[in-house]
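Take a look at the structure set out below.
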Amino acid sequence: MSTPTAPTDAEFRKLYERTSTRVYGYVRRYCQAADCADVIAEVYLVAWRRFDQLPVDPVPWLFGTARKVLANLWRSRDRRARLDAELCGLYELATPDVANQAVDRADLLQALAALEPDDREILLLTGWDGLDSSAAGKVLGVSAVAARARLSRARRRLIGHVGTTGSSIRPSLSLLTEGN
Amino acid sequence: MTTRLSPDDIQNAIEALKPDADTLGNAWYIGLRENTLQSVLARAKASPEPATTHQAKPRRRRRTVLIGTLAVVMLGGGTAWAYSNFTSWYTGGALDSYTCMTTWHDPDTSDNRPDQYGGSKLTNDPVADCATYAGLTGKGRIVDPVAVTYRDALVVGPREGMPADAVPIVVLEDAKAMELQQSFDDYVDGGASRCLDATTGEQFAHAELLRLGLAGWTVTSVEQRPSGGECAILIVDQLGKVEVRTHFGVDAGRAVPDLVATLRNKIADQCLALPDAEKVVASALEGQQHYQATSAQLDPAAPCTRVDLNVGGSLQVFLHGPATATGRAHGAGASPEPNVTTTEPRTTFGPLTGLLRTREHAAPDLHNAQELVIAQCMAKQGFTYIPRPYPGILRQDPAELAGLNKQRVEDWNAALQGKSIDPVDMTKPGPITDPTIVVLEIPGGRKYFRNNTCRYAGEAAVFGDAVNWLTLDATISYLSQQAAETAAKDPRWGAQPDQVLSEIETRIAATNQSSIERYNQLQDRALSNARELLTHGR
């Protein structure tokens, strides 16, 4: 017989210190700065309650939980505001200096902003958060095969967007650049 | 200007945009980070979830049932399920879903609108599932529904007004393939209920393919790189192909142990009709957070209801069973006092059932003795390894890897089970020069193991000659697979699966008597070694 128990403070702190910055990096892309701490708190509250079920690499699990918490957050808010927050996060977090790449930074950011959110999400999960397609699939709630297919499609669509300007820019992006 | 880029170019460019670690660290500064942690701890301790207990049980052989034509039935008075529960969950998961809409709109909009509902797949029929969800949520049914792929989502909407870019689904997902994956992901007695390796994973896959009547499928083992842990996962990669992804993780069997035990005791080990099983599930899920709607599918040909529990972030139970049960309960859960060990060897999911001695009643001691040796071996190399009590289902303890950097974690894994062996390297001409690789010659081909690992040390300490033991074990597994595959081709298979399998196993055993007798003798000696180690080896 065995009795699952809550984690000790030390165990939980280890998990938190090991993972919270990455979770912040993910969450910050999708919410305004003022909301991030609350979102992260919700994520780790679930993690505390499900501590026995956390995989060895808990990051995809935590990201998946964060995704649902964010969905709850935005459910009651305007979709346009959600998109604005997401694009703000993208521009604020992207590293300012990009050298020796095949794509101009500004072009790439604009192209990313022009993508459908699902395409952008899987590209950043793999490109920024360091997940492979299988782990990204876990976050998104799809099979590894589906995740690979989505990633391939997203890359093709991004390639198609890169280099085009003007009409492909979303209205919300131009509002951001105008300082609204 | 249009730039011609490769996928690698674009991926590299995205990675180059990755936020600077210092920038993130500054934003998630220590004060904010610590305050958030304290807030979580305070809230968690203020409203803890009730503690639960579970009892480890040996696995039972899954009943071999023939699946006839499946029909989806919404049984009145079945699972009581509140849609508000469903919309409030927010844990990550790996469940596909349908979006049901009574008027056409972008499926990417908020799901909290009156003309949209849906959820995880209950069956392979999206129209039927949306009718189920309409009943469960109380939202309107879809008029003249059509199932489509629309903006990368599986959607059911009204035929009238269907968007031009919606693509009708003309071929439903294969129902048996769906059940196969549910079984692979099952925590009750399926692929996620125990820690599988390449051999046992392939064995389980073949057994399930036979059980579901799926002929002509291939099963391939693929090494997960980098290694995530000791346990394999099984994936229906595409129709006709199963992939056993070895060393994928250590997640096997750890989730919701009390729920697993309930479903095993009250459904898997019993013989229930579908409505009765639904009631058990409904009761078992009370108080659980984050669960999907239960899938209950009628299988008129099944004598009893079978159950699969999948766990993503949320839980989902899949039931397949008859309106009236016609079989008999067979598991330990059918008795009032279930025991982990018994005085008489019982039939289990395993090779050449009934022909091998020293099965279940010896398994705990054999397992625990090996774990003890592994822990001692790891300690000699400066690593912490916490022995897993039988049947080996235990989450990895953070203490094992505490303070280890990435290289040391790799060293830990290598010490435990060795660096992976690339099958391609093994097919190159010439002798194998790596002294740490042991070659096992078995019927059907070669298998390779590392002999410089603590796992190998555990095998050697309990079974004496590890090469001999591993060869015999692999041989018996191979013979078992052959028996199962031969049985499935027998014209009597559908009507009398157990009898056919027993006859074929007996026939195969008669022509492999020396291997079986050596296996039995080795098991007898191993049990004696194991008990000696457990008594004096600490």
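Values reported hereafter were calculated over all heavy atoms of this structure, with side chains retained and with hydrogens, waters and symmetry mates removed. In the text below, chain A, chain B and the rest are named by the order of the sequence lines, each starting its count at 1. Note that the coordinates shown come from a computational prediction; the quantities given were computed from them, not determined experimentally.
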*Side-chain contact test, heavy atoms from C-beta onward, threshold under 4.5 Å: evaluate it for Thr36(B) versus Tyr44(A) and give yes or no.*
no

*Minimum-distance pair of heavy atoms, taken over all atoms of Arg49(A) and Arg43(B)*: NH2-O, 4.4 Å

*To the nearest 0.5 Å, tell me how far Trp28(B) CH2 sits from Arg22(A) CZ.*
15.5 Å

_Shortest non-hydrogen separation from Thr126(A) to Glu15(B) and the atoms involved_ = O-OE2, 4.5 Å

*Do Tyr16(A) side-chain atoms and Glu34(B) backbone N/O form a donor-acceptor pair below 3.5 Å?*
no

*When you look at Leu108(A) and Ile10(B), which way does the side-chain contact (heavy atoms from CB on, under 4.5 Å) test go after all the steps?*
CA-CA 9 Å; Leu108(A) 184 56; Ile10(B) 208 73; 4.1 Å; yes

*Does the Trp48(A) side chain pair with the main chain of Leu41(B), one donor and one acceptor, at a distance under 3.5 Å?*
no

*If you take all heavy atoms of Arg33(B) and Ser20(A), which pair is closest and at what distance?*
CD-OG, 3.6 Å

*Per-residue contact mode, Leu112(A) against chain B (heavy atom under 4.5 angstrom)*: side chain

*State, with a plain yes or no, whether a side-chain heavy atom of Leu17(B) is found less than 4.5 Å away from one of Arg105(A).*
yes

_Taking side chain as everything from C-beta outward and backbone as N, CA, C, O, which of these in Leu37(B) sits under 4.5 Å from a heavy atom of chain A? Side chain, backbone, both or neither._
both

*Let me know if Glu243(B) has heavy atoms under 4.5 Å from chain A in its side chain, its backbone, both or neither.*
neither

*asked:* With side-chain contact (heavy atoms from CB on, under 4.5 Å) as the criterion, how do Leu158(A) and Ile14(B) come out once you've worked through the C-alpha distance, each side chain's angles and the decisive distance to 0.1 Å?
replied: CA-CA 10 Å; Leu158(A) 182 61; Ile14(B) 293 171; 3.6 Å; yes

